[in-house]
Amino acid sequence: MSAASPEAASAGASFYALGPEFEWLAAAWDGFAHELGEVGSTLRHVVEAATADPQLAAESSGLAALESATERLVRELVEDAARIRHTQTTYEQADAAVHAAVPPMHSPATVPSGHGSSAPSTQDIPVFGAGQENVTGLAAAGSYAGSADLAGQGASASPPAPASAPDGSGLWHPAGAGGQDLSETALGTLSRVRRQMIAHAEHWVAQRIPYNQGLWHEGYRTDCSGYVSMCWGLRDSLVTSTMPHVAHRIAKEDLRPGDVLLNTDVTTGHVILFDRWADYAHNSYVGYELCPQGTLHHVIPYPYYNGFGVYEPYRYNNAGD
């Protein structure tokens, strides 16, 4: 197979397996066919009894027609289940071909420069929260210029040090995560709206959209809340303090792909799109965020790095659940 073009790679990154949905649908159809078959068997016995009874003989023809219709419906359900499984096989083959053509993800230990003359160079700037530099140091490097969502988040805050070496997954893991990504999301089990949220998030990650509150991309402001507004498919770019107008608080254990960790403070506000848990203890998670280091998909300590405000889990009101 020839090397994938950038467009094909971007499409492949958003091409999620729907196998579990196909299998669930086929199993449901099989279940319906089985239950209807039992009804048909009962009807057959009723027809035989009615035919043998002179008082019920007049009703037997109608019952026989109902039995025949039931048998026909059972056959159609079985045939449909076979078609669904055939479609699943075809889809899985196409899915495998697309993913085979997608090059491996780069590790976002640093964000490459070259996003355009309007964006500050981020060469050699570590991933937000992954290094020992404090906010003051990053601001001095120019990475916080013009930031309101992340301004004033505690100049003395020093986020955790990263793991000693990348694990090859393309995700940064905080110290203590052990380099393990333990809970890959089965996106095929999610609602269509949630799958779209993750696909939208991946779309900007693939484009490496730089952080700039004064710019817009594809109709949305290129900061953390503009990014989540895009992922949620909102008509306008909200700010972190107004996101509760379209969302509601949820419990930590209820977090699902497409939910967010939100700091609504007008001074230190920030928001991260939740993807999946990164460890069994739920002490860290894989999230999407647009921050001064760019649009990132990486592992974050729950709920966020110490010293950067108070974060609570929220769910979009129209998440499709």
Side-chain angles (χ1 to χ4, degrees), residues 1-48 50 60-105 181-203 205-206 231-233 254 256-259 273-277 286 315-316 318-321:
M1 183 175 295
S2 61
S5 65
E7 292 80 3
S10 177
S14 299
F15 196 69
Y16 296 118
L18 296 174
E21 287 187 346
F22 282 123
E23 183 55 40
W24 177 89
L25 192 58
W29 254 238
D30 284 339
F32 297 152
H34 176 74
E35 293 177 4
L36 200 56
E38 292 181 345
V39 172
S41 178
T42 302
L43 279 172
R44 189 176 305 110
H45 292 305
V46 171
V47 169
E48 292 172 355
S60 62
S61 60
L63 291 171
L66 181 58
E67 177 197 357
S68 176
T70 301
E71 290 178 350
R72 183 173 64 255
L73 184 54
V74 168
R75 289 195 300 271
E76 291 175 355
L77 285 169
V78 171
E79 291 171 358
D80 286 344
R83 292 190 188 97
I84 291 169
R85 288 196 168 90
H86 177 72
T87 302
Q88 176 184 359
T89 300
T90 303
Y91 180 92
E92 288 175 345
Q93 291 171 349
D95 184 63
V98 169
H99 282 85
V102 176
M105 291 178 61
D181 183 15
L182 301 175
S183 54
E184 183 73 25
T185 300
L187 288 168
T189 66
L190 301 178
S191 69
R192 176 184 58 84
V193 174
R194 288 189 182 275
R195 290 198 305 272
Q196 287 178 339
M197 291 176 184
I198 299 302
H200 292 163
E202 287 283 0
H203 179 57
V205 169
C231 294
W232 282 359
D254 291 334
R256 302 187 67 202
D259 295 334
L273 191 79
F274 181 88
D275 180 2
R276 61 186 184 269
W277 291 111
V286 183
R315 174 166 298 164
Y316 177 43
N318 297 322
D321 297 324

Could you tabulate the donor-acceptor pairs under 3.5 Å formed by side-chain atoms of residues 69-82, not counting sequence neighbours?
from, atom 1, to, atom 2, distance (Å)
Thr70, OG1, Leu66, O, 2.8
Glu71, OE2, Arg44, NH2, 3.0
Asp80, OD1, Arg83, NH1, 2.7

Steps toward side chain to side chain contact (heavy atoms under 4.5 Å, CB included) verdict (His200, Met197)
CA-CA 5 Å; His200 292 163; Met197 291 176 184; 5.8 Å; no
Least distance between heavy atoms, Arg315 atom then Asp254 atom:
NH2-O, 2.5 Å
The reported gap from OH in Tyr316 to CZ in Arg194 (rounded to nearest 0.5 angstrom) is 11.5 Å
Nearest heavy-atom contact between Ala319 and Ser191 is O-OG, 3.1 Å
Should Trp232 and Leu273 be marked as a side chain to side chain contact (heavy atoms under 4.5 Å, CB included) after you check the CA-CA gap, both sets of side-chain angles, and the distance that decides it?
CA-CA 10 Å; Trp232 282 359; Leu273 191 79; 3.8 Å; yes
Which atom pair, heavy atoms only, marks the closest approach of Leu190 to Arg195?
O-NH1, 2.6 Å
